Amino acid sequence: MLGVCYYPEHWPRERWAEDARRMRECGLTYVRIGEFAWSRLEPEPGLFDFEWLDIALETLGKEGLKIVLGTPTPTPPKWLVDKYPDILAYDREGRVRNFGSRRHYTFSSETYRLETRRMVTALAQRYGQNPVVAGWQTDNEYGCHDTTRSYGPEDAKAFRAWLEVKYGHIQALNAAWGNVFWSMEYRHFGEIDLPNLAVTEANPSAWLDFYRFSSDQVAAYNQLQVEILRAHSPGRFIAHNFMGFVTDFDHFKVAQDLDVSSWDSYPLGFTDSRMPGLSDTERVFYARSGHPDVSAFHHDLYRGVKARWWVMEQQPGPVNWAYHNPSPAPGMVRLWTWEALAHGAEVVSYFRWRQFPQAQEQMHAGLNRPDFRPDVGYSEAQQVAQELQKISLPDTSKARVALVYDYEADWLYSIQPQGYSWDYTSLALNFYRALRSLGLDVDFVKPGGSLEGYALVVVPSTPIVRDATFEVFKSAMGTTVFGPRTDSKTESLNIPANLPPGKLGQLIPIKVARVESLRPGLSTTVTWEGGQYQTSVWREWVESDPQPLGGAVATPTATFEDGKGAVWQSENRHYLAFWPTQEFLTNYLGKLAQAAGIQTHALPEGLRLRRRGNLTFAFNYTADPRPLNVPEGAKLVLGNRVVEPYGVAVWKG
Ligand code: GAL
């Protein structure tokens with residue numbers, strides 16, 4: 001269940017056999033290889049050199065290792081860029097993004113699609129039936145370095161074509177976007193520019209379509225690669241390695257074409273520099289362990305994206321790209337590996353085998369040091385491999401709680417936040433962290449995905465509720481909690497005619513008459529069951545609908561200081577008319593969970609639980625021992641009843 005990322009092209013050939021032997025000794029099974037190697041695979045236009053890769057695969061195969069072969073498309077070589085400059089991406093300021101690092105292509109380039117087809121076909125023909133090749137990785141980290149959206153001539157051309165397919169007639173687009181405003185009307189699709197260089201904010205409806213288009217371009221590009229690989233490499237799985245906190249494209253859509261979703265987990269880098277909503281104190285407290293929910297959030301997200309999922313890159317030591325790059329506490333590489341497995345990962349693969357002493361990532365640790373000796377990560381990976389010999393992992397079962405995760409919400413709110421502090425990921429994390437602090441397992445579901453069998457459903461915020469999604473909400477049997485701004489926009493990013501929540505008003509008969517955003521320091525108080533909760537960011541004025549459909553009634557269960565309703569309930573559906581803090585959610589969702597018959601736990605700081613089949617895992621993200629409430633009769637299969645600092649315990653039953 002363990003693997004490693006390896007770059008034979010970085011090391012002398014004489015090393016390869018020993019590397020392969022030591023990978024096996026460490027207990028590794030999979031080796032991901034090749035995803036940046038275009039300049040070595042095709043050093044001159046049309047002149048392929050597969051000899052080195054043949055030998056590398058053979059050498060690894062001799063030790064029984066299985067290969068995940070990456071297509072080298074994130075790094076088109078210099079000759080290709082010089083020959084076809086139209087493949088380059090443009091930034092939001094309209095500047096070319098040049099050769100010299102990676103991901104310097106736009107998904108919209110027809111030329112790059114042809115070049116991709118040529119390279120992927122050559123690779124798939126050569127290795128598609130190779131017995132050591134177990135699977136493929138398409139490209140590497142779509143969207144990394146802000147590359148989902150590009151603003152060049154190729155992009156404008158493709159965007160116009162996309163709009164024409166969507167709207168058919170220019171008048172339909174003008175009407176949907178409200179282009180009568182500020183004389184923005186177009187006479188034909190050829191007149192439309194990208195929205196990036198307007199004097200002040202461009203029409204939010206235009207932006208949203210551009211974001212949707214950019215997301216579709218990623219899916220189409222991935223599909224192109226998948227089709228070639230499927231044709232030439234039957235029986236092998238196809239994966240892509242997604243990222244943490246990258247939401248610029250719809251991962252559910254891209255993954256429709258994949259067999260395995262995987263992601264790249266760097267808990268310390270994320271805790272230091274990427275995870276929103278943490279105080280400085282929390283960033284320091286978890287600097288060497290990673291925040292206890294940062295990996296779990298993504299494990300659950302990518303398991304929702306595809307039932308089969310991997311961690312394709314696991315942080316092995318200090319990295320190089322965060323604001324600060326501390327060393328993990330002893331034990332953390334082991335803990336992170338077990339945490340991924342507890343969440344249902346098929347394989348955890350470390351990045352990378354050995355630290356490379358040159359170029360951009362020379363300060364990034366590997367399982368081995370640049371002097372060829374094992375680093376700390378090596379022994380912790382080996383320890384997990386040995387522990388795995390003794391524990392057989394059951395299948396992951398369905399959780400009782402679902403979180404509806406919406407990429408489009410993230411795009412819409414980044415286009416129209418209406419208040420600087422509004423951030424979709426922060427809101428989703430507030431819900432998720434509250435549920436995890438109650439010791440609950442959570443499944444992620446896309447909008448419109450089945451909610452059957454869940455006792456509790458949370459919808460942090462889904463601003464556009466399409467008919468299919470509405471039907472799912474309508475038929476959901478579990479208690480459902482909708483966050484603020486849910487169903488507040490139409491498909492074209494207009495305010496619904498009957499005021500928000502547009503369709504949901506049929507289920508919870510309320511109208512949102514006014515909204516406001518609140519700067520830090522400006523807050524309001526929500527009172528619920530005698531408790532008072534300070535909240536900032538967002539507040540809504542909600543009226544009960546004077547003419548409700550079907551006789552449903554909505555009543556406030558919590559109030560603002562002016563006495564108006566802050567939470568509205570209609571049967572088993574709840575609507576939150578404010579930005580819910582984690583503290584409020586822990587109490588509110590805790591009560592709803594118990595009422596729905598779900599057992600909750602009061603976990604101490606830094607302790608987390610996760611079940612996989614009949615096994616329960618406990619993770620201690622702190623430097624202090626944490627006692628556990630292991631149920632009577634349960635049998636410990638790993639660790640102790642007091643979980644050691646940065647330790648893991650597992651029990652059965
Ligand atoms: C990932 C990427 C790898 C490497 C790594 C460093 O985002 O896929 O190629 O750059 O980060 O942490």
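Numbers for residues simply follow the sequence, beginning at 1. Bear in mind the structure is a predicted one, so any value in this text is a computation, not a measurement.
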Under the salt bridge (charged side-chain N to carboxylate O under 4.0 Å, His left out) rule, what pairs show up with a residue in residues 582-597, not counting sequence neighbours? Glu529-Lys591

Under 4.5 Å between any side-chain heavy atoms of Gln225 and Asp139, yes or no? yes

Are the side chain of Arg283 and the backbone N or O of Thr271 linked by a donor-acceptor pair below 3.5 Å? yes

According to salt bridge (charged side-chain N to carboxylate O under 4.0 Å, His left out), does anything in residues 266-277 pair up with another residue at least two apart or in another chain? List the pairs. none

Partner residues of Ser273 under the side chain to side chain contact (heavy atoms under 4.5 Å, CB included) criterion, sequence neighbours left out: Ala322, Tyr323

So, does Gln386 use its side chain to make a donor-acceptor pair with the main chain of Gln383 at under 3.5 Å? no

Considering residues, nucleotides and ligands other than Glu491, do more than 12 of their heavy atoms fall under 6.0 Å from its CD? yes

Contacts satisfying salt bridge (charged side-chain N to carboxylate O under 4.0 Å, His left out) that involve residues 397-411 (not counting sequence neighbours) are Arg212-Glu408, Glu408-Arg466

Give a yes or no answer on whether the side chain of Glu380 reaches the backbone of Val333 with a donor-acceptor pair at less than 3.5 Å. yes

Criterion side-chain contact (heavy atoms from CB on, under 4.5 Å) on Phe619 and Leu607, from CA distance to verdict: CA-CA 6 Å; Phe619 300 99; Leu607 190 76; over 6 Å; no

Taking the ring of Trp528 and the ring of Tyr588, is the distance between their centroids below 6.0 Å? yes

I'd like to know if the side chain of Gln599 and the backbone of His601 have a donor-acceptor N/O pair within less than 3.5 Å. no

Using the test salt bridge (Lys or Arg N to Asp or Glu O under 4.0 Å), find all partners of Glu540 that sit at least two apart in sequence or belong to another chain. none

Is it the case that the side chain of Thr581 and the backbone of Thr535 share a donor-acceptor pair, with hydrogens and angles ignored and the cut-off at 3.5 Å? no

Is the closest side-chain heavy-atom distance between Val218 and Ser215 below 4.5 Å? no

Under a 3.5 Å threshold, yes or no: a donor from one side chain and an acceptor from the other, between Thr479 and Asn572? no

Side chains of Thr586 and Leu438, heavy atoms from C-beta outward: is any pair under 4.5 Å? yes

What pairs of donor and acceptor atoms, side-chain ones from residues 295-302 against any protein atom, are under 3.5 angstrom apart with sequence neighbours left out?
residue: His298; atom: ND1; partner: Val294; partner atom: O; Å: 2.9
residue: His298; atom: NE2; partner: Phe245; partner atom: N; Å: 3.0
residue: His299; atom: ND1; partner: Trp263; partner atom: NE1; Å: 3.1
residue: Asp300; atom: OD1; partner: Arg303; partner atom: NH2; Å: 2.6
residue: Asp300; atom: OD1; partner: His343; partner atom: ND1; Å: 3.0
residue: Asp300; atom: OD2; partner: Tyr432; partner atom: OH; Å: 2.6
residue: Tyr302; atom: OH; partner: Met243; partner atom: O; Å: 2.5

Flag, side chain of Arg573 to backbone of Lys474, donor-acceptor distance under 3.5 Å: yes

Compare every heavy atom of Pro394 with every heavy atom of Leu615, then report the nearest pair and how far apart it is. CD1-CD, 3.6 Å

Test item: Ser289 side-chain N/O and Tyr621 main-chain N/O as donor-acceptor pair under 3.5 Å: yes

Which of parallel (below 30°), tilted (30 to 60°) and perpendicular (above 60°) describes Phe237 and Tyr30? perpendicular

With a cut-off of 3.5 Å and sequence neighbours excluded, list every side-chain donor-acceptor pair involving residues 645-653.
none

For Leu585 versus Ala434, what's the shortest heavy-atom pair and its separation? CB-CB, 3.7 Å

salt_bridge(Lys503, Asp487) N-O dist < 4.0 Å: no

When you look at Val567 and Tyr575, which way does the side-chain contact (heavy atoms from CB on, under 4.5 Å) test go after all the steps? CA-CA 6 Å; Val567 181; Tyr575 181 87; over 6 Å; no

Start with the C-alpha gap between Tyr286 and Glu282, add the side-chain angles, then the distance that decides, and say whether side chain to side chain donor-acceptor pair (under 3.5 Å) holds. CA-CA 6 Å; Tyr286 291 116; Glu282 285 171 300; over 6 Å; no

Just do the side chain to side chain donor-acceptor pair (under 3.5 Å) check on Lys489 and Gln416 with the steps written out, would you? CA-CA 11 Å; Lys489 300 289 171 178; Gln416 193 178 64; 3.0 Å; yes

Against Phe578, only a single residue in Phe560, Trp538, Tyr533 fulfils side-chain contact (heavy atoms from CB on, under 4.5 Å); can you say which? Phe560

Quick one: which residue pairs count as a salt bridge (charged side-chain N to carboxylate O under 4.0 Å, His left out) with a foot in residues 237-261, not counting sequence neighbours? Arg149-Asp248, Asp216-Lys253, Arg230-Asp259

Quick one: does Leu504's side chain get under 4.5 Å of Phe473's, heavy atoms only? yes

Do the side chain of Gln382 and the main chain of Val384 share a donor and acceptor less than 3.5 angstrom apart? no

Decide if the gap between the ring center of Tyr407 and the ring center of Phe249 is smaller than 6.0 angstrom. no

Side-chain contact, heavy-atom cut-off 4.5 Å: Leu258 with Val226? yes

Can you check whether Ser536 reaches Trp579 side chain to side chain, under 4.5 Å on heavy atoms? no

With a cut-off of 3.5 Å and sequence neighbours excluded, list every side-chain donor-acceptor pair involving residues 310-317.
residue: Trp310; atom: NE1; partner: Glu346; partner atom: OE1; Å: 3.3
residue: Glu313; atom: OE1; partner: Tyr266; partner atom: OH; Å: 2.6
residue: Glu313; atom: OE2; partner: Arg32; partner atom: NH1; Å: 3.0
residue: Glu313; atom: OE2; partner: Arg32; partner atom: NH2; Å: 3.1
residue: Glu313; atom: OE2; partner: Asn241; partner atom: ND2; Å: 3.4
residue: Gln315; atom: OE1; partner: Leu268; partner atom: N; Å: 3.1
residue: Gln315; atom: NE2; partner: Gly317; partner atom: O; Å: 2.9

Leu440 vs Thr600, side-chain contact (heavy atoms from CB on, under 4.5 Å): CA-CA, chis, key distance, verdict: CA-CA 7 Å; Leu440 302 177; Thr600 61; 4.2 Å; yes

Classify the side-chain pair Thr480/Tyr454 by whether it contains a donor and acceptor separated by less than 3.5 Å. no

Would you sort out whether Val481 and Val459 count as a side-chain contact (heavy atoms from CB on, under 4.5 Å), showing the intermediate values? CA-CA 6 Å; Val481 180; Val459 186; over 6 Å; no

Residues Ala577 and Val542: closest non-hydrogen pair is CB-CG2, 3.6 Å

Do the non-hydrogen side-chain atoms of Pro447 and Phe470 ever get within less than 4.5 Å of each other? no

Any pair counted as side chain to side chain donor-acceptor pair (under 3.5 Å), so long as it reaches residues 629-645, sequence neighbours left out: none

Are any side-chain N or O atoms of Thr462 and backbone N or O atoms of Val465, one a donor and one an acceptor, separated by less than 3.5 Å? no

Residue set satisfying salt bridge (Lys or Arg N to Asp or Glu O under 4.0 Å) with Lys66, at least two apart, ordered chain then number -> none

Just jot down the side-chain hydrogen bond (donor to acceptor under 3.5 Å, both in side chains) partners of Glu471, sequence neighbours excluded, or say none. none

With no hydrogens and no angle check, is any side-chain donor or acceptor of His291 less than 3.5 Å from a backbone partner on Asp293? yes

Hey, does Pro417 have a side-chain heavy atom less than 4.5 Å from the side chain of Asp423? no

